[in-house]
Structures are given as C-alpha cells and as structure tokens.
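Before any comments, here is the structure.
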There are 2 protein chains.
Amino acid sequence: MAEIRSPDTRERILDTAEQLFMNHGFDGTSMRQITTGAGVNLAAVNYHFGTKEELMRAVFRRRLDGLNEARLQALDAMEQDAGGKPLKPSQIVDAFFGTLLRMGDDEVRGGRTFLRLLGRTLTDPSEFISTFLAREYAQVVERFKEALFKALPDVPKAEIVWRVHFMLGATSYAIAGTDALRVVTDWEIEPADTEDRHDRLLERLMSFLLGGLRAPLPQFSPPSGAAP
Amino acid sequence: MAEIRSPDTRERILDTAEQLFMNHGFDGTSMRQITTGAGVNLAAVNYHFGTKEELMRAVFRRRLDGLNEARLQALDAMEQDAGGKPLKPSQIVDAFFGTLLRMGDDEVRGGRTFLRLLGRTLTDPSEFISTFLAREYAQVVERFKEALFKALPDVPKAEIVWRVHFMLGATSYAIAGTDALRVVTDWEIEPADTEDRHDRLLERLMSFLLGGLRAPLPQFSPPSGAAP
DNA sequence: CTATAGTTAAAACGAACGTATGAATTAATT
DNA sequence: AATTAATTCATACGTTCGTTTTAACTATAG
C-alpha cells in the first residue's frame, strides 16, 4: 500500500501557522518558521494561500466560521424558546462567551491554541488583521448587542456597548493569559489538573462578566445641566 | 543667536517610538521609521539606547516609573488614613486603575498615546516585552492584590487573582480600543467632545470593574464527589 | 504510453531589516 | 585657541524577509 506522503499540506500549514502566530504574533513569525515547522517546502504557503496575510486570514476563517455559526444558532434557539420575550442577560452572555470558551475544550474545532491566538490578536497592531476581524465579527457582535438591548431595556445603549467592549477585554485576557498570569506573579493556588482549571475558568469568567454587565450605572460627576 | 538644532534627540526618539509602537507594534515598527519620523539620523537610536529592544524598554520606563510610583503613593495614603482597617475595594481599584486612566489626561506624563501602547502591549507576543513588563509590574500588582485580599477577606484568594486578571483585560481594551470599538460597529452614540468621552470612560469602567469584582462567587458545576 | 493538470522542490530575487564603522561636526574644558 | 569629549552623519555590512521562478515529480485521464 502506498504510504501517505503528506497528510494534506494545507492543513499542516494551517496548524503550524496557528501555533506560531499564537506564540510570536503575525510580524514575529516568518514563512520559513512556518514551512519548516510544518515540514513542507518554503514555496508551499504561497502556492496554497498566495500570501502571508492570506494565510493568516485562512487560519482565522477555519475556526471563526464554525464558532460564529454556533453562537448564532445558540442565540436563535434561545429566542425561539422565549417566543418574543426578552432573554436573560446570562443566556446571551453564555451564547457568546460561553460558546467561545467551550470551543477551547473541543480540540478538533480549534482547541485552546486558537482561543489564545484570538485573544491576543484582538489587540494586534497590524492594520489588516483588525479590519479583517471587524468584518468577520461585525454581524455576530451586532446580533449579540441587539439581544442585550432588548434584555436590558432601561440601560442606555451606549452603556451596553461599552460593557460589551469591557467583556471582550476581560475574556481576551482570560483566554490569552492563562499562563501570563503565572509570569506576573508566581502563585501557588490550586495544583488542579489542566482540564479542571479550564472548566473553572468558564464559570469564573461568567460570573465576573455578568457582575460587570449588571453593575449599577455610573453617575457622571458634573451633570452640568439637569436632563429633561 | 544659535538656533536650536535638536531639542533633545533622545526625547524626540522616545516620543516617535512611543507613537509608532502604539500604531504598528514592536515588530511592525522599523528603526528607519522611528529615526526619520523623529528627524534624526538612523544611527541615533543605537547610539543613545544601544538596541531596539533597549529603546522599547526606555519608552516604557519613562512612563511606567512615574505611574507605578503614583499608584503606590495613592495606596499608601489610603492605608495611612484607614489606620489598619481594610480599605474599600473601590478605593483600591481606583488607586490602581483610576490612577492609570487619569494618566491619559496628563499629556505631559504620557497622555493617551502611552496608555494605548500599554493596553496593546500587555498581550504582545514578543517574549522580552512580557518578561520586562512582568518584572516592572510585579511589585505593584503584588501590593495591589494584597490590599484586595485584606479588603475582601471572605473571597478566596484564587478568585481575587483571577478577577484582577479580568479587570486588567477589561481596562486594556477600554484603553486600547477606544476607536477599535468604532470599527467593529459603526454607531452614533454621543457626539460629545473627546475630553468628555474620556472622563466618562473612567467612570464607566470603574463601575464595570467593581461590579465584576464584587460579583457573587461562581459555584462550580459538578463537585464530582461531595466536599467534606 | 502519453498528454495533462496538480503539487512539490531547490534556488534565487530584490527589498528591508538591525547594527556597526569611521569620519565630520558640535559642544565643553582648559 | 587648542584639546578633548560628545554627538551626528553618511554609508556599508551581513541577515533575513516575503515572494517568484523554473524545473522536477506525482497522479489522473485519454
């Protein structure tokens, strides 16, 4: 029987690039690192993807498409159940962030590696990345926000938008810095195994996010003329 | 009269580097961009700072030293006032994050540019940056956490550590993405002037952070064998 | 077996990178 | 005014970068 020469070059490249981008960023990763890491020829990336930027986009699309679809499905199902009634904030937050975090346990659909890549990349300085992510995310974030507007009718929309932003930040750090934490301050808490730690992360993060989302509204210091 | 040739080359380099690093990241910024942007010779950076990495460190130190000192002073003053009694969480959060955010208004001590650079850099993939920041931050974060441990004696320390991490993430996004938000979703809220928007950011963020910090503790799903 | 499309291989391209060098210039000291 | 130290300058070095090119290989189809 013929031995398998290359178990799909494209996929090998994507896997390696995903990992390297996570560890060293886009600008910090060279094509030569990628190709030698994947055990393929240097020209393979340009042949299969055209350019380095296009490779990056492919890395994200491979994971984000399924994720965002799952998020929308979760939201759809909930709204179906609710039958016109507004959802609970906790449901919405779980549909968005919970679905994301749980993806980290699904090794075949990306696993922790992509999660951390995503967490880091949301603040990546490269122009094309942020615009790409913005485009790719826009519809989902919009849906998510609309649901929150409905669920929290007496919270000003501007406030909700900001808090979504804050939640994204907290989540990004939760994902990206599972070990960055350990660097900043050596600690000794919970020697529990990794799986366990990740499970708990989800619940920890969720209660933090919900606490922030439902926090009392800030009263701005000088009203400077009472509202009508 | 002799005209001023170069109003301190070092400072011009630091200013330009700070801005470029913020916009394009460390790897995405070249020495030639920096030097031509600052209007100095290419070799000036290596002469004054030695290496590109050392320049980056200088950029951070110039701002972080003062900031962290101010944070510690704020905390010291509060603890002085309290006289042994634990502080209120809101005080501690303000001493750490409030001092940071207010730095954005102080154009002479860094201004918004450095704030955004810092926000982005906390998730930077470059190894030397994270280790540098970890070292530079360690003492302050430690002090801050200790204060929180005292202020919230019945919250498990592990939980507090995580929530500090989440708060850092939310703050990082609050700072870095004041306009990234506008990209993700075009909105129309509050045409208020910039100064005003930034003032409000502080208050918005603070109530979100405190809401998250004081959120009810998560109860972990399957105890998998009842606790003793 | 031979044409044909798809993929991989080795090598090279020019451009841009961070850094180093040694002369020219400016400022300070005597 | 002469000497020394500090800074700026133009230029070059050796690497590494992303991409391209052209030839070799592999497989499928006629």
Side-chain angles (χ1 to χ4, degrees), chain A residues 1-60 62 121 124-129 131-132, chain B residues 1-60 62 121 124-129 131-132:
Chain A
M1 55 175 164
E3 64 176 348
I4 299 165
R5 286 303 235 103
S6 104
D8 208 5
T9 304
R10 273 184 61 99
E11 217 72 15
R12 291 169 57 87
I13 292 175
L14 287 173
D15 289 339
T16 311
E18 184 173 78
Q19 189 151 276
L20 286 171
F21 285 151
M22 166 189 67
N23 280 327
H24 310 110
F26 179 75
D27 289 322
T29 302
S30 72
M31 311 237 78
R32 284 159 177 87
Q33 283 179 278
I34 296 171
T35 49
T36 64
V40 302
N41 188 270
L42 170 60
V45 169
N46 295 94
Y47 176 77
H48 284 283
F49 299 95
T51 165
K52 190 187 177 188
E53 292 196 2
E54 209 57 56
L55 168 63
M56 179 62 138
R57 276 186 273 260
V59 166
F60 275 94
R62 179 169 69 141
T121 311
D124 197 281
S126 311
E127 178 105 25
F128 87 95
I129 290 182
T131 59
F132 167 75
Chain B
M1 53 172 168
E3 63 176 348
I4 298 165
R5 287 303 237 103
S6 103
D8 208 4
T9 304
R10 274 184 61 99
E11 217 70 16
R12 291 170 56 86
I13 292 174
L14 287 173
D15 289 339
T16 312
E18 184 173 77
Q19 189 152 275
L20 286 171
F21 286 151
M22 165 189 66
N23 279 328
H24 310 110
F26 179 76
D27 289 321
T29 303
S30 73
M31 311 240 77
R32 284 161 177 87
Q33 284 179 277
I34 297 171
T35 49
T36 63
V40 301
N41 189 269
L42 170 59
V45 170
N46 295 93
Y47 175 77
H48 284 282
F49 300 95
T51 165
K52 189 187 176 188
E53 291 197 1
E54 210 58 55
L55 168 62
M56 180 62 139
R57 276 186 274 261
V59 166
F60 275 94
R62 178 169 67 142
T121 311
D124 196 281
S126 311
E127 179 104 25
F128 87 95
I129 290 182
T131 59
F132 167 75

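Atom CG in A:Leu55 sits about 11 Å away from atom P in D:dG18, given to the nearest Å. Atoms OH (A:Tyr47) and P (C:dT8) sit 7 Å apart, rounded to a whole Å. Remark: P of D:dC17 and CD1 of A:Ile34 are 11 Å apart, rounded to the nearest angstrom. One can place CD1 of B:Ile13 at 13 Å from C1' of D:dC9, the figure rounded to the nearest angstrom. One interatomic measurement links the two molecules: CZ of B:Arg12 to P of D:dT8, which rounds to 10 Å at whole-angstrom precision.
Counting non-hydrogen atoms of other residues, nucleotides and ligands closer than 6.0 Å to CD of A:Glu53 gives a total above 12.
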Test B:Leu42 against B:Thr36 for side chain to side chain contact (heavy atoms under 4.5 Å, CB included), laying out the working first. CA-CA 7 Å; B:Leu42 170 59; B:Thr36 63; over 6 Å; no
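Ion pairing between a basic and an acidic side chain is recognised when a charged N comes within 4.0 Å of a carboxylate O; A:Lys52 and A:Asp27 show no such pairing.
B:Thr9 has no side-chain polar atom (N or O) that falls below the 4.0 Å cut-off from OP1 or OP2 of D:dT7. Between B:His48 and D:dT8, a side-chain N or O to OP1/OP2 separation shorter than 4.0 Å is present.
With rounding to the nearest 0.5 angstrom, the CE atom of B:Met56 is 13.0 Å from the CZ atom of B:Phe49. A distance of 7.5 Å separates CZ of B:Phe21 from CD1 of B:Ile129, quoted to the nearest 0.5 Å.
For the pair B:Asp15/B:Arg62, a side-chain contact is recorded, criterion being any heavy-atom separation below 4.5 Å from C-beta on.
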How does protein reach along nucleotides 16-24 of chain C, written 5' to 3' as B (base within reach of a heavy atom under 4.0 Å), S (only sugar-phosphate), or - (no contact)? -BBBBB---
